[in-house]
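Below: the structure, in structure tokens.
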Amino acid sequence: MRNILIKANQKTYVMDLSVSYLGLKIKNPVVVGSSGITSNIENLKKIQESGAGAVVLKSIFEEEIYHEYRSILEKEQQENTPDYEYLDYYDYKIKDDNVKKYLSLIEAAKKELDIPVIASYNCVSDWEWTFFAKKLEEAGADAIEVNMFMLASDFSKTCENVEDTYLKQIEKIRSSVKIPVSVKLSYYYADLASFVKRVSETGVDGIVLFNRFFHPDFDIDKFEVVPSNILSQPSDLAISLRWISILSGRVDCGLIASTGVHDGASVIKEILAGADAVQTVSTLYKNGIGYVSQMLDDLKTWMEKHNFEKIDDFKGKMSQVNSPNPAEYERVQFMRYFESKKYELD
Ligand SMILES: Cc1cc2nc3c(=O)[nH]c(=O)nc-3n(C[C@H](O)[C@H](O)[C@H](O)COP(=O)(O)O)c2cc1C
């Protein structure tokens, strides 16, 4: 693991940014998250050059494969009487081709990169979750990130039904592979703290908090649903900062912060909250992949200013369990006593 020599106030000391990520030792806590940026080998090489600690590949989506199949089925239905034998072949072939393409990306990344390569996937059918996990492991991924989310829009299902489905799947995935597994969650749970705790007890190595999803908007002239706010804002950091602070030290696996990590200061904040590492995406869409090195420089400068030599020197320093005022982390209402003049209208 590479250490960095820093000269400060005539003193020379070794600064070590390495952290444990799902049990893998990585050279620093800045990981590039799953996105279009991590979907091709050219970008993956740039990510390594920028100094990132690890990379999570763009997810492979079972749903996308299924859509491709369905559009062929619909076309067949319009033009001919569908030949189901032929379509069975298509189902097999489309899935096979898509999976092969993804596996070659993992293999190429493993050949070209020294940093850990984490594969990511999302499924919709119960029986596919372990199939994909095994395939990604066989292709050489260092770890797997399970991008698991179904919108809870089914009126017939209760909170318990939905969460039990997740927990059972996670347990199955965990026991189907030997490499580390993390689960990337959203914050759409009524009992978020206890749900995250139960996920951590399945044996997973880490939980990524939180995923960011496609948000629909309406085009009011074309009467169409269109995507909105694809990239996060720096202010989105507040959500993961609160929950990493509350959960760190209280769950049975590592925590990785995601959403709103746009600069070196936000990396520092998430580690102070207790995160093992962070994932970053939107800021790289805005500032380019090379911006990772700026984030790392800012982290080093801050550590030097505060005489921290390693990440553990400040990790979790501001988590709720270490706070003299733990109620601060759970405050949600704008109560009168902390309103200031600044927010009064003239
Ligand atoms: C264009 C784009 C594509 C994404 N694709 C995926 C994906 O395939 N799988 C996934 O788990 N997350 C995906 N994400 C979500 C990111 O990994 C990340 O969780 C989210 O953008 C929040 O992090 P940020 O605030 O640093 O952008 C995508 C995000 C963007 C902007």
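If you read the sequence from its start, that first residue is 1, and numbering goes on from there. Counting starts at 1 for both ligands and their atoms, following the listed order.
- Atom 9 (N) of ligand 1 has as its closest protein heavy atom Ser59 OG, 2.6 Å.
- Atom numbering of ligand 1 starts at 1 in the shown order; those under 4.0 Å from a heavy atom of Ser232 are 24 (P), 25 (O), 27 (O).
- The closest protein non-hydrogen atom to atom 20 (C) of ligand 1 is Arg212 CB, 3.6 Å.
- Listed for the Ser182 side chain is no donor-acceptor partner under 3.5 Å among the backbone atoms of Gly206.
- Counting heavy atoms from C-beta outward, Gln294 and Asp263 have side chains that stay 4.5 Å or more apart.
- Of all the heavy atoms of Ser258, the ones lying under 4.0 Å from any atom of ligand 1 belong exclusively to the side chain.
- Counting all heavy atoms, side chain and backbone alike, Ser248 lies closest to Ser319 at OG-CB, 3.2 Å.
- A 4.5 Å side-chain heavy-atom check between Gln48 and Glu112 finds every atom pair outside the cut-off.
- When the heavy atoms of Lys58, Lys184, Gln233 are ranked by distance to atom 10 (C) of ligand 1, first place goes to Lys184.
- Classification of the Phe132-Tyr121 ring pair by plane angle, with boundaries at 30° and 60°, yields parallel.
- Side chains of Ser323 and Asn325: no donor on one and acceptor on the other come within 3.5 Å.
- With respect to atom 16 (C) of ligand 1, the closest heavy atom belonging to the protein is Ser34 O, 3.3 Å.
- Lys300 has no carboxylate O lying under 4.0 Å from a charged side-chain N of Glu304, or vice versa, which leaves the two without a salt bridge.
- Against a heavy-atom cut-off of under 4.0 Å, Thr280 is close to the following atoms of ligand 1: 26 (O).
- Salt-bridge annotation for Asp114 and Lys27: absent, with no side-chain N of the basic residue lying under 4.0 Å from a carboxylate O of the acidic one.
- Side-chain contact check for Leu167 versus Val199: some heavy-atom pair is nearer than 4.5 Å.
- For the residue pair Asp298 / Thr301, no side-chain donor-acceptor distance below 3.5 Å is found, with atom types taken as modelled.
- Of the candidates Asn229, Thr259, Val56, Leu284, the one placing a heavy atom closest to atom 23 (O) of ligand 1 is Thr259.
- Protein heavy atom closest to atom 26 (O) of ligand 1, with residue, atom name and distance, is Val281 N, 2.8 Å.
- Of all the atoms in ligand 1, the ones that sit under 4.0 Å from a non-hydrogen atom of Asn147 are 9 (N), 10 (C), 11 (O).
- No donor-acceptor pair under 3.5 Å is formed between the side chain of Glu145 and the backbone N or O of Ile118.
- Below 4.0 Å from some heavy atom of Gly260 lie the following atoms of ligand 1, by number and element: 24 (P), 25 (O).
- The ligand atoms of ligand 1 that sit less than 4.0 angstrom from a heavy atom of Ser35 are 3 (C), 4 (C), 5 (N).
- Under 4.0 Å from ligand 1, not a single heavy atom of Asp236 appears.
- Heavy-atom proximity to Asn211, at under 4.0 Å, picks out these atoms of ligand 1: 11 (O), 12 (N), 15 (C), 19 (O).
- The nearest heavy-atom contact from the protein to atom 27 (O) of ligand 1 is Ser282 OG, 2.5 Å.
- Proximity to Leu231 (heavy-atom distance under 4.0 Å) selects the following atoms of ligand 1: 31 (C).
- The nearest heavy-atom contact from the protein to atom 2 (C) of ligand 1 is Tyr285 OH, 3.9 Å.
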